[in-house]
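Worksheet for the structure shown next.
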Amino acid sequence: MAYDEIIYEVTDGIATITLNRPDKLNASTFKMEREIRDAFVAAGRDDGVRVIVLTGAGRGFCAGFDTSSLAEAANESQGALDGEQLGTHVEDVFGTPHPDYLGRYSYFPSIPKPIIAAINGPAVGLGMIMAMFCDVRLASDSAKIGAPFTRLGLVAEHGISWLLPRLVGLSNALDLLFTAQPVNAEEASRIGLVSHVYPAADFRAKVAEYAGHLARNVSPRALRITKAQVYADQYRTLDEATLIADEEMDKSLATEDFREGINHFLEKRQARFTGR
Ligand SMILES: C/C=C/C(=O)SCCNC(=O)CCNC(=O)[C@H](O)C(C)(C)COP(=O)(O)OP(=O)(O)OC[C@H]1O[C@@H](n2cnc3c(N)ncnc32)[C@H](O)[C@@H]1OP(=O)(O)O
């Protein structure tokens with residue numbers, strides 16, 4: 001599929017979605033959001049893809065929704081997005097507990113593969129929310145992450161009020177949302193907003209190493225089930241989560257990937273997981 005505002009590439013089991021409006025620090029548009037959805041669906045369906053990286057072209061990750069469109073949209077509802085604005089219904093492809101509701105990025109957890117946000121520079125507004133809805137965040141030491149919503153007279157948008165406290169705790173979440181002040185990569189790491197920070201000069205190589213590890217050394221089946229478990233368990237009790245874990249363990253013990261997981265260790269060789 002041809003894209004205008006993103007670049008979509010698949011190499012060695014890693015699908016990379018690059019937001020591609022570098023002159024505007026990859027500020028997002030509805031078109032870009034539709035293309036991101038289409039690319040996630042393509043990556044989710046492609047058996048050759050084991051991990052997905054979301055990143056930005058040039059020196060930015062994403063500076064939020066394009067401010068010129070934001071100004072035009074001042075009198076329109078930005079919360080209730082319709083299908084035409086968003087394009088592909090990812091929810092129809094991979095399933096969701098809320099099939100009638102089209103969340104802006106809340107579909108990321110339904111993509112059955114790990115999604116890594118490679119935050120190469122400023123990730124602000126919708127750019128921050130996009131990164132938060134990825135499964136893992138890696139940051140360049142030049143990254144800056146911020147939620148400027150209250151400064152714009154806006155609110156905790158698009159599910160970030162649900163997600164951010166789970167990532168950084170209530171107190172840090174409210175600090176970020178109230179003050180609307182961006183944090184640098186070091187501070188983001190300290191509060192748990194990102195998992196790893198790498199020097200800007202090595203960043204692309206470090207992201208490739210991390211993504212390559214998930215693509216080569218880890219069972220794709222185990223990744224898929226683990227991702228689904230962790231998100232679904234946010235709505236479950238401990239007893240329910242433990243019961244499901246026991247059921248999933250029984251199923252895992254009967255898989256080729258489990259046998260390979262044991263055999264490659266015993267035979268002291270690289271694993272060759274099939275996802276079965
Ligand atoms: C529904 C609503 C959702 C939301 O996302 S609300 C949030 C909307 N976004 C923002 O309010 C962020 C606006 N941008 C900034 O505050 C800053 O940028 C940054 C902190 C992200 C980075 O600052 P620095 O590194 O100094 O870069 P620079 O010189 O400000 O920007 C470089 C070029 O990028 C353009 N740009 C930046 N953000 C946006 C944007 N959101 N929409 C459109 N263009 C943007 C600028 O204008 C400029 O361009 P030129 O070099 O031609 O002057």
Contacts under 3.5 angstrom, residues 114-128 side chains, donor-acceptor by atom type, not counting sequence neighbours:
from   : atom 1 : to    : atom 2 : distance (Å)
Asn120 : OD1    : Thr55 : OG1    : 3.4
Asn120 : OD1    : Gly56 : N      : 3.2
Asn120 : ND2    : Gly56 : O      : 3.0
Asn120 : ND2    : Gly58 : O      : 3.1
Asn120 : ND2    : Gly60 : O      : 2.9

Q. Between Ser252 (side chain) and Glu248 (backbone), is there a donor-acceptor pair under 3.5 Å?
A. yes
On a heavy-atom basis, the closest approach of Ser28 and Cys62 is N-SG, 4.1 Å
Separation between CH2 (Trp162) and OG (Ser106), nearest 0.5 Å, reads 9.5 Å
On a heavy-atom basis, the closest approach of Ala200 and Ser142 is CB-OG, 4.2 Å
ask   = How about Lys227: does its NZ atom have over 12 heavy atoms from other parts shown lying under 6.0 Å from it?
value = yes
ask   = Can you check whether Pro220 reaches Asp257 side chain to side chain, under 4.5 Å on heavy atoms?
value = yes
Taken to the nearest 0.5 Å, the spacing of Leu25 CG from Arg59 CZ works out to 4.5 Å
- Query: Do the non-hydrogen side-chain atoms of Asp135 and Tyr231 ever get within less than 4.5 Å of each other?
  - Reply: yes
Between the OG1 atom in Thr150 and the CG atom in Leu152, the distance rounded to the nearest 0.5 Å is 8.0 Å
**Message:** Assigning hydrophobic clusters by single linkage (Ile, Leu, Val, Met, Phe, Trp, Tyr; side-chain heavy-atom cutoff under 4.5 Å), is Leu253 placed with Phe265?
**Reply:** yes
Rounded to the nearest 0.5 angstrom, the CD1-CZ distance for Ile14 and Arg50 is 11.0 Å
Heavy-atom nearest pair, Ala156 first then Ser161, reads CB-CB, 3.8 Å
- Asp12, CG atom: more than 12 neighbouring heavy atoms under 6.0 Å: no
Give the table of side-chain donor-acceptor pairs shorter than 3.5 Å for residues 239-246, with sequence neighbours excluded, one pair per line with atom names and distance.
from   : atom 1 : to     : atom 2 : distance (Å)
Glu240 : OE1    : Thr237 : N      : 2.8
Glu240 : OE1    : Thr237 : OG1    : 3.4
Thr242 : OG1    : Leu238 : O      : 2.6

Problem set entry | Geometric class of the Phe108/Phe40 ring pair [parallel <30°, tilted 30-60°, perpendicular >60°] | tilted
Which of Asn20, Thr29, Asn26 passes side-chain hydrogen bond (donor to acceptor under 3.5 Å, both in side chains) with Glu5? Answer is Thr29
### Query
Does Phe133 share a hydrophobic cluster with Phe30, counting links as ILVMFWY side-chain heavy atoms below 4.5 Å and allowing steps through other members?
yes
task: Tell me whether Val194 is reachable from Leu167 by hopping between hydrophobic residues (I, L, V, M, F, W, Y) whose side-chain heavy atoms are closer than 4.5 Å.
output: yes
Can you tell me how the ring of Phe273 sits relative to the ring of His264, calling it parallel under 30°, perpendicular over 60° and tilted otherwise? perpendicular
Do Arg104 side-chain atoms and His158 backbone N/O form a donor-acceptor pair below 3.5 Å?
-> no
Contacts of Tyr8 meeting ring pair (Phe, Tyr, Trp, His ring centres under 6.0 Å) (sequence neighbours excluded), chain-then-number -> none
| query | Between Thr16 and Thr18, is any side-chain donor less than 3.5 angstrom from a side-chain acceptor? | reply | no
- Task: Would you check if Gln234 and Val230 make a side-chain contact, meaning some heavy-atom pair closer than 4.5 Å?
- Result: yes
* Given Leu54 and Phe61, is the side chain to side chain contact (heavy atoms under 4.5 Å, CB included) satisfied, shown in steps? -> CA-CA 9 Å; Leu54 180 67; Phe61 177 77; 4.1 Å; yes
Note: Val155 and Phe149 closest approach over all heavy atoms is O-CB, 3.2 Å
*Compare all side-chain heavy atoms of Lys206 with those of Leu138 and state whether any distance is below 4.5 angstrom.*
no
Tightest non-hydrogen contact, residues Gly192 and Val168, listed as C-CG1, 4.0 Å
To the nearest 0.5 Å, atom OH of Tyr107 lies from atom CZ of Arg37 at 5.0 Å
Apply side chain to side chain contact (heavy atoms under 4.5 Å, CB included) to Val51 and Lys113, showing your working. CA-CA 6 Å; Val51 53; Lys113 296 175 186 177; over 6 Å; no
Checklist entry - Any side-chain heavy-atom pair from Tyr105 and Leu163 closer than 4.5 angstrom? => result no
Query - Donor-acceptor contact present, side-chain Glu260 to main-chain Thr274, <3.5 Å - result: no
Output for pair (Ile191 CD1, Leu176 CG), nearest 0.5 Å, gives 4.5 Å
query = Can Val197 be reached from Met132 by stepping across I, L, V, M, F, W or Y side chains whose heavy atoms are under 4.5 Å apart?
reply = yes
Exercise for the section: Could you tell me whether the side chain of Leu193 reaches within less than 4.5 Å of the side chain of Leu164, counting heavy atoms only? Expected result: yes
> Is it true that a side-chain atom of Glu35 and a backbone atom of Tyr3 form a donor plus acceptor pair closer than 3.5 Å?
Replying inline: no
Correct closest heavy-atom pair for Leu177 and Ile160 would be CD2-CG2, 4.3 Å
* To do: Determine, using the 4.5 Å side-chain heavy-atom cutoff (strictly less than), whether Leu154 and Phe65 are members of one ILVMFWY cluster.
  => yes
Under a 4.0 Å threshold between the charged nitrogen and the carboxylate oxygen, would Glu187 count as salt-bridged to Arg190?
yes
Q | Close side-chain approach of Met130 to Ile36, heavy-atom, < 4.5 Å | A | yes
Close side-chain approach of Met32 to Leu19, heavy-atom, < 4.5 Å
yes
When you measure from the side chain of Asn263 to the backbone of Arg259, do you find a donor-acceptor pair of N or O atoms at a distance under 3.5 Å? yes
